[in-house]
There are 2 protein chains.
Amino acid sequence: MSRNDTHQTRNAILKVAEELFSEKGFNGTSINLIAKKAGVNKALIYYHFKDKDDIINSLFELIIREAEQYSTRAQPEGEMDIREKIEQEIAFLQSKQNILKVMMMESLKGEDQHNYFFQCAELVIKNEMEVNIPASEGPTSADNQRLMAHEFFTGFVPLISFVVFREKWSTYYHCDPQDLTRFFLDSFTNTHLSSKAESGPQVENRP
Amino acid sequence: MSRNDTHQTRNAILKVAEELFSEKGFNGTSINLIAKKAGVNKALIYYHFKDKDDIINSLFELIIREAEQYSTRAQPEGEMDIREKIEQEIAFLQSKQNILKVMMMESLKGEDQHNYFFQCAELVIKNEMEVNIPASEGPTSADNQRLMAHEFFTGFVPLISFVVFREKWSTYYHCDPQDLTRFFLDSFTNTHLSSKAESGPQVENRP
DNA sequence: GTCTATAGCAGGATAGAC
DNA sequence: GTCTATCCTGCTATAGAC
């Protein structure tokens, strides 16, 4: 009944909704089911959230905030191996895999109007790839676009796909998930990461 | 009334369903809407398809068959530049972008039981990457798993993501789609494709 | 804050005429 | 093959008691 309970209930709803959305998709999940699995009354959900959209948007805003916090966290002392850094990033993203799946599903839809997926990409890129994202105000130069495309399609996309498809891939190919993580890290190091190492701090691959 | 009409109607339904599924997702699309937009009666859909699932499964089987045909098509004479080959593959995939979006959305769901996404990946990998996929019968060796993981996460995934996110990316970053295609091809060449060139057995193209 | 009850409608699916 | 009409379930959302 106090603020504590309010937040607990709200968080319980969000947690269950996140699981169900990632399991069955947003439109495939009913408020009834969320209420049932969260052990709360259906009407209570409408006390805490305006409508169904409000639930998923709250989840998106939450993950964006958490990613921002992660990217501005205290960095450990000394130089960290780039591979080690990626491993940490993967561990973080893995713990958010459900909402990332939902975000990806929704961003694939044509009607999707919010840009959480790109926002999320920018945070990951800025943070882990150590690339300075050009300020989004003002016109984006062709060089910036080239850089962002590179980071997005050969950096962020493999990373995020690894996180969201890891389990299914392991099951399908009867592969130990830990082995898969090693395989992925090796490939990622040999492709995206080594393309950075070759050409100085900011990547400018141009003949 | 003849077989011709039957196929025309069936195909019209499939075409509209594909558009709507990619626009609004499978669960976000109603049979009513498909019927309305296809200009046919709702009951007619149930004459041609067992249920809603039958529609999406037909679409998945169709794209798999088309991809198989594409991969066994007559190859043009002479050596083709690897980049040119990828451009062709992208053009093919782009023409199928709607169903690929749907396939990706569905494969992200936890409850997704069919493996069309992985089947599709194997076709693209086998075909365009010129990699011999290990026969899926029998246990898969660690080396095969490593190879497949590499091709999947740093080859297929960027390729397919480029196809399905190209338009949204261009809009979001105010980038000309044709420029983006160039940027992507450059990055893809510098990462995934050059990782093949370095390490021997397959492929021999390098400027 | 949390519940009961229900409105109100849209969805998937079918029966049966033509 | 195609249409009209309809069933009925399950959905989102709200009113109102406690």
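Numbers restart at 1 for each chain; the letters A, B, ... are given by sequence-line order, proteins then strands. As the structure is a prediction and not an experimental result, all values here were calculated from the model.
We find that CD of Gln8(B) is positioned 15 Å from C1' of dT2(D), with the value rounded to whole Å. The CG-C1' distance, from Leu44(B) to dG1(D), rounds to 7 Å in whole Å.
With axes fitted over five pairs at each extremity, the angle between the ends of the helix from dG1(C)-dC18(D) to dC18(C)-dG1(D) is 10° (10° resolution).
Distances shown here put every side-chain N or O of Thr9(A) at or beyond 4.0 Å from the OP1 or OP2 atom of dG1(C).
Scanning for salt bridge (charged side-chain N to carboxylate O under 4.0 Å, His left out) contacts around Lys109(A) gives Glu106(A), with sequence neighbours left out. Taking Asp81(A) as the reference, Arg83(A), Glu84(A) meet the side chain to side chain contact (heavy atoms under 4.5 Å, CB included) condition, with sequence neighbours excluded.
Between His150(B) and Ser195(B), the closest side-chain pair of non-hydrogen atoms falls below 4.5 Å.
More than 12 heavy-atom neighbours from other residues, nucleotides or ligands sit within 6.0 angstrom of CD on Glu111(B).
Aromatic ring orientation, Phe92(A) versus Tyr70(A): parallel (interplanar angle below 30°, classes split at 30° and 60°). Ring-plane geometry between Phe188(A) and Phe184(A) is classed as parallel, the angle between the planes falling under 30 degrees on a 0 to 90 degree scale with a further cut at 60.
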**Prompt:** Checking ring-ring contact (aromatic ring centres under 6.0 Å, His included) for the pair Phe117(B)/Phe165(A): CA distance, chi angles, key distance, verdict?
**Reply:** CA-CA 11 Å; Phe117(B) 191 61; Phe165(A) 285 119; 5.1 Å; yes
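Judged by a 6.0 Å distance limit and a 45° cone about the ring axis, Lys168(A) is not positioned over the six-membered ring of Phe118(B).
Listed in residue order, the members of residues 20-43 of chain A having a heavy atom less than 4.0 Å from DNA chain C are Asn41(A), Lys42(A), Ala43(A). Taken residue by residue, residues 45-52 of chain B places heavy atoms nearer than 4.0 Å to DNA chain C at Tyr46(B), Asp51(B), Lys52(B).
For residues 89-101 of chain B, every residue pair satisfying the salt bridge (Lys or Arg N to Asp or Glu O under 4.0 Å) rule, not counting sequence neighbours, is listed here: Glu66(B)-Lys96(B).
No donor-acceptor contact under 3.5 angstrom links the side chains of Ser71(A) and Asn127(A), judged on distance only.
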